[in-house]
2 protein chains.
Amino acid sequence: MQGDDPRGEERALTKREITTLERRRHIVETAAICFVEQGFHQTSIRDIAKRAGISLGNLYNHFETKTALIAEIATLESEDLRDMQSALAADGDPGAILDRFIADYFAYVARPENAVLAAEITAEAMRSPQIVGPYLDNRRTLIGALAAILRRMPEGATPPCPADPVQLAETLLDVIGAAASRVAFEDAATQETTCATTRQVAARLLGN
Amino acid sequence: MQGDDPRGEERALTKREITTLERRRHIVETAAICFVEQGFHQTSIRDIAKRAGISLGNLYNHFETKTALIAEIATLESEDLRDMQSALAADGDPGAILDRFIADYFAYVARPENAVLAAEITAEAMRSPQIVGPYLDNRRTLIGALAAILRRMPEGATPPCPADPVQLAETLLDVIGAAASRVAFEDAATQETTCATTRQVAARLLGN
DNA sequence: CAAATCTGAATGAACGATCGTTCATTGAAA
DNA sequence: TTTCAATGAACGATCGTTCATTCAGATTTG
């Protein structure tokens with residue numbers, strides 16, 4: 001059994017460890033759904049356990065406390081967001097990459113479940129020192145990746161505003177996120193045109 | 001006593017009615033403080049009653065349920081915000097009025113307690129039909145007032161972006177609010193310069 | 001390879017605390 | 001005399017968490 005990896009650095013996962021990891025992942029996914037529907041503090045551990053189809057006690061084998069579960073979800077970036085981030089870091093025409101990012105990020109936040117969870121995490125991060133750290137780390141990473149692309153952009157007719165790429169990245173994220181969130185809850189029908197308008201706003205700030 | 005208003009439309013308030021109104025107002029203010037510190041659903045009715053210095057039962061003489069109290073706070077606009085709104089509606093140079101509004105609204109959201117409460121209300125509104133209505137009403141009123149000023153602005157070097165005054169007002173509110181909220185929690189020291197940058201962003205979108 | 005041992009995931013009852021809400025009662029203002 | 005703000009005990013429900021127990025799978029031993 002252990003002969004599979006003679007170097008011994010990484011043991012192969014046993015069947016049990018795999019199912020445990022899957023179980024844990026399933027709990028996180030279920031909790032995220034509950035949190036979107038009811039909010040962090042209106043969701044009970046029993047709600048999550050019941051919906052995940054496991055016993056109450058077993059949930060505590062995977063997460064020490066409810067707070068730890070909340071922190072995990074608040075910290076965890078979704079795969080979608082991670083994909084966007086790596087797309088930002090790829091080679092290629094910066095203008096095309098940026099356009100693609102705007103469309104993707106807008107579509108992401110325009111999905112109500114993402115907008116709700118983001119709002120919930122934001123509110124929680126403002127009160128909980130446990131969460132604000134990882135939350136800001138995540139956000140700063142995304143802003144850094146976006147700022148890197150902005151630095152690669154060719155000069156437009158006028159200089160960007162704000163001139164500092166990081167501040168520009170922050171402003172762009174704010175504008176896209178807010179517009180998309182509005183689409184998610186007020187006028188879902190206008191998603192296409194609102195996204196187009198947002199792209200124009202971005203272009204204006206970039207100096208084109 | 002009742003002779004004060006012979007037309008009988010508006011009776012004078014009795015001593016008791018006055019203290020009752022004051023008590024009610026005091027509860028609202030105390031609840032707001034608790035909600036900022038602990039969030040809506042981590043604050044108990046007992047917390048509020050204790051901090052307000054009244055009995056648990058008496059609180060229920062002024063608010064039917066905890067939800068009603070939350071709804072009242074989520075709906076209630078602060079005096080500051082109402083002042084800004086009426087300043088927007090005043091006569092005078094639209095450019096000066098707009099500049100003043102940007103500074104005031106930025107300073108308002110840059111105060112952590114206002115930023116926290118706004119985030120909490122936003123998250124709650126996304127899940128509670130009870131709250132989303134009044135919340136959107138308030139916001140739309142503010143946007144309307146801002147859009148009215150934007151319509152009065154003289155034409156700049158280039159047309160505004162977005163061209164529609166209402167969408168421009170929404171975008172401006174988003175940008176100011178997000179930047180100010182960032183100042184409140186990340187780099188409180190940069191308030192002056194960040195506000196100045198925000199003003200530049202606004203000018204850029206307006207077309208100057 | 002088979003038997004014995006160990007490990008830790010899984011269970012659900014139970015605990016004490018706290019939750020939102022109700023209610024009989026009191027006392028001061030109308 | 002009537003009205004109603006004010007009180008705090010009490011209620012049932014639910015909360016997060018703990019715990020003894022079970023048992024399948026991993027590991028060690030013979």
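In what follows, every heavy atom counts, from backbone to side chain, and hydrogens, waters and symmetry copies are set aside. The sequence lines fix the lettering, A, B, ..., with proteins before strands; numbering per chain opens at 1. Since this is a predicted model, take the numbers as computed values, not measurements.
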Inset, instruction - Find out whether L88(B) and I149(B) are in side-chain contact, i.e. whether some heavy atom of one side chain is under 4.5 Å from a heavy atom of the other. - result: yes
Inset, instruction - Would you kindly say whether Y60(B) and T65(B) are connected by a side-chain donor-acceptor distance under 3.5 Å? - result: no
Between [N] atom [atom2] and [X] atom [atom1], what is the distance in whole Å?
X: Y60(B); N: dA9(D); atom1: OH; atom2: P; answer: 17 Å
X: L59(A); N: dG16(D); atom1: CG; atom2: P; answer: 10 Å
X: I54(B); N: dG8(D); atom1: CD1; atom2: C1'; answer: 13 Å
X: I18(B); N: dA29(C); atom1: CD1; atom2: P; answer: 13 Å
X: L56(A); N: dC19(D); atom1: CG; atom2: P; answer: 14 Å
X: I48(B); N: dC19(C); atom1: CD1; atom2: P; answer: 11 Å
X: L13(B); N: dA29(C); atom1: CG; atom2: P; answer: 17 Å
X: R25(A); N: dA9(C); atom1: CZ; atom2: P; answer: 19 Å

Would [X] and [Y] pass as an ion pair if we require N to O under 4.0 Å?
X: R139(A); Y: E77(A); value: no
X: E37(B); Y: R127(A); value: no
X: R24(B); Y: E72(B); value: yes

Legend entry - dA10(C) base / N61(A) side chain donor-acceptor hit below 3.5 Å: yes
Inset, instruction - Please evaluate the base of dT14(D) for a donor-acceptor partner in the side chain of R46(A) within a cut-off of under 3.5 Å? - result: no
Which one, [options], comes nearest to the side chain of [X]?
X: R16(B); options: dA30(C), dT11(C), dG8(C); value: dA30(C)
X: S55(A); options: dA29(C), dT11(C), dT21(C); value: dT11(C)
X: T14(B); options: dT17(D), dT7(D), dA30(C); value: dA30(C)

Between [X] and [N], is there a side-chain N or O to OP1/OP2 distance below 4.0 Å?
X: S44(B); N: dC19(C); value: yes
X: N58(B); N: dT7(D); value: yes
X: H41(A); N: dG16(D); value: no
X: R23(A); N: dA10(C); value: yes

Inset, instruction - Could you check whether T43(A) gets within reach of a base, just the sugar-phosphate, or nothing at all, counting any heavy atom under 4.0 Å? - result: sugar-phosphate
Inset, instruction - Describe the nucleic acid contact of T19(A) in one word from base, sugar-phosphate, nothing, applying a heavy-atom distance below 4.0 Å. - result: nothing
Legend entry - S181(A) side chain to G177(A) backbone, donor-acceptor under 3.5 Å: no
Legend entry - Most 5' of Q42(B) and T20(A) on DNA chain C, judged by nearest nucleotide: T20(A)
Inset, instruction - With DNA chain C as reference, determine whether I45(B) or K15(B) sits nearer its 5' end, using the nearest nucleotide of each. - result: I45(B)
